[in-house]
Amino acid sequence: MVKGTGYLKFVKSKGHSYVYLNGRLSGEKSKKHLFSFGRMETALENMYAIRESNLLPGELINMRFTFDDLDQWILTLETKITRNGKRITF
């Protein structure tokens, strides 16, 4: 189970940007990557595919994330603004 809420993190490696769900699991002190949505070029497509299949991956279900969370992450990638109003740059 995740303590607090998960958020998207963008990591650059070897010329590519990757999108991860980041957060802190209950009982752990440090934050870590909880789920990978893949390269930036395909991350939004991967999120759409999850939503269209109407079935969240088991890892996200076990951490108690919902489709509302997924919709928020999709909105963040589409608008490049977090739910707190912070602009993101890739």
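In this structure, R83 and L75 have side chains that are not in contact, with every pair of non-hydrogen atoms separated by 4.5 Å or more. Side-chain contact between T89 and F10 is absent, with no heavy atoms from C-beta onward closer than 4.5 Å. F65 has its side chain out of reach of L70: every pair of non-hydrogen atoms, C-beta onward, lies at least 4.5 Å apart.
Atom OG1 of T66 and atom CG of L56 lie 7.5 Å apart (nearest 0.5 Å). Between the CZ atom of F67 and the CD1 atom of I50 there is a distance of 8.5 Å, given to the nearest 0.5 Å. Atom OG1 in T79 sits 7.0 Å away from atom CD1 in I88 (nearest 0.5 Å).
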>> For a side chain to side chain contact (heavy atoms under 4.5 Å, CB included) check, start with the C-alpha distance between L77 and F37, then their side-chain angles and the critical distance, and finish with the verdict.
In response: CA-CA 12 Å; L77 283 182; F37 290 106; over 6 Å; no
>> side chain to side chain contact (heavy atoms under 4.5 Å, CB included), that's the test. Do Y18 and S13 meet it? Break it down for me.
In response: CA-CA 8 Å; Y18 297 89; S13 176; 4.1 Å; yes
>> Run M47 and R51 through side chain to side chain contact (heavy atoms under 4.5 Å, CB included) and show every step you take.
In response: CA-CA 6 Å; M47 289 181 184; R51 185 168 62 181; over 6 Å; no
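Formation of a donor-acceptor pair under 3.5 Å by the N62 side chain with backbone atoms of E59 is not found in this model. Judged purely by atom type and a 3.5 angstrom limit, R24 uses its side chain to pair as donor or acceptor with the backbone of K29.
The heavy-atom pair separating G38 from A43 by the smallest distance is O-CB, 4.3 Å.
Cluster membership check: L44 shares its hydrophobic cluster with M40, using side-chain heavy-atom separations under 4.5 Å among Ile, Leu, Val, Met, Phe, Trp and Tyr. Y7 and V19 are assigned to two separate hydrophobic clusters, defined by single-linkage of ILVMFWY side chains at heavy-atom distances under 4.5 Å.
When each of L21, N22, L34 is checked for a side chain to side chain contact (heavy atoms under 4.5 Å, CB included) with K9, only N22 meets the rule.
Through direct or indirect side-chain contacts shorter than 4.5 Å among Ile, Leu, Val, Met, Phe, Trp and Tyr, I81 is connected to no other residue.
A centroid separation of 6.0 Å or more is found between the aromatic rings of W73 and F35.
Considering only residues two or more places apart in sequence or on other chains, Y48 meets the side-chain hydrogen bond (donor to acceptor under 3.5 Å, both in side chains) condition with E78.
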